[in-house]
Novice: 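Following this message is one structure expressed as structure tokens.
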Amino acid sequence: MVDHLSSRPQRLCILGATGSIGTNTLDVAARHPERFEVWALSGASRVDELLAQCVKHQPRFAVMSSEPVAAQLRDKVRAAGLRTEVLGGEQALCDIAAHPDVDVVMGAIVGAAGLAPCLAAARAGKRLLLANKEALVVGGKLFMQAVKDGGATLLPIDSEHSAIFQCLPEDPSTWASRIDHIVLTASGGPFRQRDPATFADITPEQACAHPNWVMGRKISVDSATMMNKALEVIEARWLFNLEPDQIRVVLHPQSIIHSMVVCRDRSVLAQLGTPDMRVPIAYGLSWPQRIESGADLLDFSRLAALTFEPPDAARYPGLQLAWQTLRAAPGSTCVLNAANEVAVDAFLNRRIRFDQIHHVNLQALSDCVVPAGAVESVEGLLSLDAQARRVAESVVMGLAR
């Protein structure tokens with residue numbers, strides 16, 4: 001990883017600007033106007049939210065997920081007298097991520113939709129702040145090769161992976177000789193102490209009420225099932241070039257220790273802080289330096305206890321799918337991610353029960369056929385992703401009858 005930032009203000013492209021990571025990135029950047037310039041923003045379909053961000057930050061470009069939605073924003077931007085150019089569609093997302101005027105790309109689009117623009121940023125050699133774990137879950141080897149070939153600087157933004165990164169030396173070539181294994185911490189979500197026999201009655205509102213973190217609806221549900229931790233295990237395998245059995249998970253309800261590195265000499269290095277995503281975002285923006293994030297200081301005098309416990313397989317059956325898919329045929333992690341996106345969407349729209357999300361994922365993994373060479377190209381991965389979504393949707397329809 002090479003730091004290529006200069007002394008002038010760095011031009012930011014924020015993919016997924018209207019989500020929680022995007023808004024927190026804008027908050028951190030606004031605290032340091034001498035260091036950062038908001039150059040491009042993207043959103044999926046929240047026209048009014050992106051318009052408000054354009055009014056406040058005056059980006060050169062704004063991109064919506066489709067041209068019809070972009071047309072709505074374009075009309076409002078013109079009415080507001082802004083000079084922001086509005087674009088629409090996946091190619092526009094890739095274009096702004098790889099634009100020669102952009103220095104830093106925050107990849108915060110939720111789901112597999114973030115793969116193509118993050119790949120474009122990697123191939124263009126950008127400083128890429130990766131909050132979109134699905135880019136690695138889906139792309140894996142292909143994505144990391146693009147980072148290497150493009151000379152990009154890849155910095156993890158998930159709090160757990162940022163914690164691991166902060167505990168390691170700057171030179172990745174030394175990591176293998178230092179690491180015995182890593183431990184990803186998990187809060188356990190809102191149902192850590194709820195009887196699994198009652199999971200069929202869980203509502204979307206209950207699943208989205210995370211006890212520690214403020215997140216989007218999809219990620220909140222993933223936290224409740226701990227599928228987010230399964231995806232993070234897969235992401236960690238690629239980020240840190242680890243074998244599956246070198247990645248472990250422990251429940252830590254207080255969310256103060258964000259993850260740990262267990263060294264070969266049995267020393268344990270941990271990164272601590274308040275549960276505020278502005279901390280890893282600020283670190284990614286300023287690395288290898290550190291800047292003020294806006295997060296509260298950790299007050300040790302008020303910490304009653306830091307507790308840990310193993311994850312309960314009956315409560316979180318999806319967690320083990322991380323290791324299973326990493327050891328299965330290449331492409332299996334892509335299938336898992338696609339199926340889970342379909343299952344979570346079905347749950348949020350009350351088409352299936354909370355306890356049926358895992359069933360959809362298992363069935364999709366069983367029924368999908370991974371073509372030879374599917375993981376060698378973006379086109380192959382997207383085709384596999386589409387197949388998995390069709391299979392998962394068929395399972396959902398069967399459950400919803």
Side-chain angles (χ1 to χ4, degrees), residues 15-16 42 44-45 63-68 88-95 97-98 107-124 128 130 132-150 152 218 222 227 230-231 233-235 237-238 318 321-322 324-346 351 357-398:
L15 305 172
S42 88
S45 58
V63 181
M64 302 302 290
S65 59
S66 67
E67 180 52 40
E90 182 181 278
Q91 186 56 52
L93 288 171
C94 294
D95 290 344
I109 295 174
V110 175
L115 174 61
C118 285
L119 265 173
R123 288 167 173 161
L128 176 56
L130 190 65
N132 172 264
K133 62 176 66 69
E134 291 84 359
L136 281 170
V137 172
V138 175
K141 182 179 179 181
L142 181 73
F143 189 88
M144 294 305 294
Q145 189 63 47
V147 170
K148 180 179 179 180
D149 293 346
K218 193 268 181 183
D222 281 347
M227 182 53 65
L231 300 179
V233 167
I234 298 166
E235 183 182 8
R237 180 264 177 272
W238 294 107
L321 295 180
Q324 292 176 25
T325 53
L326 281 172
R327 294 185 176 108
S332 298
T333 59
C334 175
V335 172
L336 174 61
N337 179 73
N340 185 63
E341 288 188 20
V342 170
V344 171
D345 181 75
R351 298 175 61 205
I357 293 174
H358 180 60
H359 173 78
V360 174
N361 294 337
L362 276 179
Q363 197 63 47
L365 285 169
S366 173
D367 293 351
C368 280
V369 178
V370 181
V375 301
E376 303 300 323
S377 68
V378 176
E379 295 75 19
L381 286 168
L382 293 179
S383 176
L384 180 58
D385 176 89
Q387 179 200 161
R389 290 173 190 275
R390 290 192 298 270
V391 170
E393 179 59 30
S394 176
V395 178
V396 167
M397 291 177 64

Novice: Would you give the length of the straight line joining atom CG of L130 to atom CZ of F143, rounded to the nearest 0.5 angstrom?
Specialist: 5.0 Å
Novice: Identify, with sequence neighbours excluded, every residue that meets salt bridge (charged side-chain N to carboxylate O under 4.0 Å, His left out) alongside E134.
Specialist: K218
Novice: For S65, check side chain to side chain contact (heavy atoms under 4.5 Å, CB included) against everything at least two apart and list the hits.
Specialist: A44
Novice: Looking at every non-hydrogen atom in both residues, tell me the closest pair between A343 and I357 and how far apart they are.
Specialist: CB-CG2, 3.9 Å
Novice: Under the rule for side-chain hydrogen bond (donor to acceptor under 3.5 Å, both in side chains), what residues qualify as partners of N361, not counting sequence neighbours?
Specialist: N340
Novice: Going by the rule side-chain hydrogen bond (donor to acceptor under 3.5 Å, both in side chains), which residues pair with Q324 if we only count those two or more places apart in sequence or in a different chain?
Specialist: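 Q324 satisfies side-chain hydrogen bond (donor to acceptor under 3.5 Å, both in side chains) with no residue once adjacent residues are dropped.
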Novice: What pairs of donor and acceptor atoms, side-chain ones from residues 369-384 against any protein atom, are under 3.5 angstrom apart with sequence neighbours left out?
Specialist:
from, atom 1, to, atom 2, distance (Å)
S377, OG, G380, N, 2.9

Novice: Any chance you could measure L231, atom CG, to L321, atom CG, to the nearest 0.5 Å?
Specialist: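 Those atoms lie 10.0 Å apart.
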Novice: Are the side chains of L365 and L336 in contact, using a 4.5 Å heavy-atom criterion?
Specialist: yes
Novice: For residues A98 and A120, report the shortest heavy-atom separation together with the two atoms involved.
Specialist: CB-O, 3.7 Å
Novice: Closest heavy-atom contact between A364 and V335?
Specialist: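 Looking at all heavy atoms of both residues, the shortest contact is O-CG1, 3.8 Å.
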Novice: Show every side chain to side chain donor-acceptor pair (under 3.5 Å) that has at least one partner inside residues 139-150, sequence neighbours left out.
Specialist: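 Passing the test, one end in residues 139-150: Q145-D149.
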Novice: So if I apply the side-chain contact (heavy atoms from CB on, under 4.5 Å) rule between L15 and each of L128, N132, L93, which one comes out positive?
Specialist: L93
Novice: Rounded to the nearest 0.5 Å, what's the gap from CD on E90 to CD1 on I109? Could you check?
Specialist: 9.0 Å
Novice: Shortest non-hydrogen contact from G318 to M227?
Specialist: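 For G318 and M227, the tightest heavy-atom pair comes out as O-CE, 3.8 Å.
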Novice: Of the non-hydrogen atoms in S42 and G16, which two are nearest, and what is the gap between them?
Specialist: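 Scanning both residues, the minimum pair turns out to be OG-N, 3.0 Å.
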Novice: Nearest 0.5 angstrom please: M144 CE to L136 CG, how far?
Specialist: 6.5 Å
Novice: Suppose we screen for salt bridge (charged side-chain N to carboxylate O under 4.0 Å, His left out). Which residues come up paired with E67, at least two apart in sequence or across chains?
Specialist: R74
Novice: Looking at residues at least two apart in the chain, or sitting in another chain, which of them share a side chain to side chain contact (heavy atoms under 4.5 Å, CB included) with D367?
Specialist: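 Result, side chain to side chain contact (heavy atoms under 4.5 Å, CB included) vs D367: Q363, V391.
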Novice: Which atoms form the tightest heavy-atom contact between A135 and L115, and what is the distance?
Specialist: O-CD1, 3.6 Å
Novice: Give, for atom CZ of R327 and atom OG1 of T333, the distance between the pair rounded to the nearest 0.5 Å.
Specialist: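 If I round to the nearest 0.5 Å, the distance is 14.0 Å.
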Novice: Give every residue pair that meets the salt bridge (Lys or Arg N to Asp or Glu O under 4.0 Å) criterion with at least one member in residues 383-393, sequence neighbours excluded.
Specialist: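 Applying salt bridge (Lys or Arg N to Asp or Glu O under 4.0 Å) to every pair that reaches into residues 383-393, excluding sequence neighbours, yields E341-R389, R351-E393, D385-R389.
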